[in-house]
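Notes follow once the structure below has been shown.
Both ligands and their constituent atoms are indexed starting at 1 by order of listing.
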Amino acid sequence: MYNILDDAFEKRYAVPQFNMNGLIWLESILKTAEKCKAPVIVGTTDKIVDKLGGFELLVSVFKIMKKDLGITVPAVLHLDHGQTVERCKEAIDAGYDSVMYDGSKLPIEENVKNTREVVEYAHHHGVTVEAEVGSVGGTEDGIYSDLAYADQNECIQLVKETGVDSLAPALGSVHGKYKGEPNLGFDEMASLREATDVPFVLHGASGISDADLQKAISYGHAKINYNTELNIAWSDAVRKVLTENQELYAPMEIFEPSKKALDEVIETVIKRTNAYQKSAEQVTSK
Ligand code: 13P
């Protein structure tokens, strides 16, 4: 992850993180990244990790699929919204490349203390850490949170006191579908960029316009997270094939159009974040 994020941050493009919700997602993310010669991050949200089979199974499947598909682009496995210090350590022990510790709902002193503990453990194992300040609003995996803008001083404190590798400052983005137009805090983004030197991570990117995305990338967002946009494409395709073929019951036939829908949206996002063809110029992942 170090190589991937540093390169993107320096050259001002972004590596997309696509969250996986099953094997179909993983296959599509890896194959499409390879086709586009783009570095890629596969995210697994902590809240559904156990439903997907647990950390160890996910690490094994990730490694085996990368090998079987002959993936040559940098592709890393990342824990999204790690709920506790212990969960982050479990993911690291299982072989994750990168973890996010999400202490954003805690008082800043506690967030800093816990993030620092995760960073110490992770760095000892060659794993990178992302942290969050403020609160990305909206609904993710059935859980609703209110939007709360990140406080600049808290962001600076967290970066300085933890040695974290990337920061997700909540600046107006939401998980899930936006109600109305997204309103990102670009002034806050600009002053936070001046005050800190770590790559930023943009959560809640589904529904953000290309123009806003490019602006966020120009302020050093080197990792951009997508889940909802993929899931809408997938579910629309499943709904369509079932509606049009009332007698259909063979799972592979039901899934086939949804795989194509995922491939298409993933390719669009890779181009949108400017990651297209970037792995050709990049050093290899760990
Ligand atoms: P979306 O719900 O906007 O796709 O965001 C996903 C995300 O930020 C995962 O951490």
### Message
Going by side chain to side chain donor-acceptor pair (under 3.5 Å), Asn274 matches just one of Gln214, Arg12, Lys11. Which one?
### Response
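For Asn274, the side chain to side chain donor-acceptor pair (under 3.5 Å) check succeeds only for Gln214.
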For [X], take its heavy atoms, then give the atoms of ligand 1 lying under 4.0 Å from any of them.
X	result
Asp80	9 (C), 10 (O)
Ala205	3 (O), 5 (O)
His203	8 (O), 10 (O)
Asn227	1 (P), 4 (O), 6 (C)
Val174	3 (O)

### Task
Could you tell me whether the side chain of Lys177 reaches within less than 4.5 Å of the side chain of Ile232, counting heavy atoms only?
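They are in contact (side-chain heavy atoms under 4.5 Å apart), so the answer is yes.
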### Query
Would you say Asn231 contacts ligand 1, with heavy atoms under 4.0 Å as the rule?
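Outside the 4.0 Å threshold, so no.
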### Contact with ligand 1 for His81, non-hydrogen, under 4.0 angstrom
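The answer is yes, since His81 has a heavy atom less than 4.0 Å from ligand 1.
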[X] versus ligand 1: do any nitrogen or oxygen atoms come within less than 3.5 Å of each other?
X	answer
His175	yes
Leu202	no
Asn19	no
Ser206	yes
Tyr226	no

Donor on one side chain, acceptor on other, [X] and [Y], under 3.5 Å:
X	Y	result
Tyr178	Asn183	no
Asp165	His123	yes
Asn227	Asn21	yes
Tyr226	Thr273	no
Asp46	His81	no

### Message
Once you restrict to heavy atoms under 4.0 Å, what part of Ser173 touches ligand 1? Side chain, backbone, both or neither.
### Response
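The answer is neither; Ser173 stays 4.0 Å or more away.
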### Query
With a 4.0 Å heavy-atom cut-off (strictly under), which part of Thr228 contacts ligand 1: side chain, backbone, both or neither?
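It is both backbone and side chain that touch ligand 1.
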### Message
As a quick check of understanding, evaluate salt bridge (charged side-chain N to carboxylate O under 4.0 Å, His left out) for Lys215 and Asp212, giving each step before the final call.
### Response
CA-CA 5 Å; Lys215 223 166 154 184; Asp212 278 2; 5.7 Å; no
### Message
Among Thr162, Leu106, Asp102, exactly one meets side-chain contact (heavy atoms from CB on, under 4.5 Å) together with Asn114. Which residue is that?
### Response
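Of all the options given, the one that passes is Leu106.
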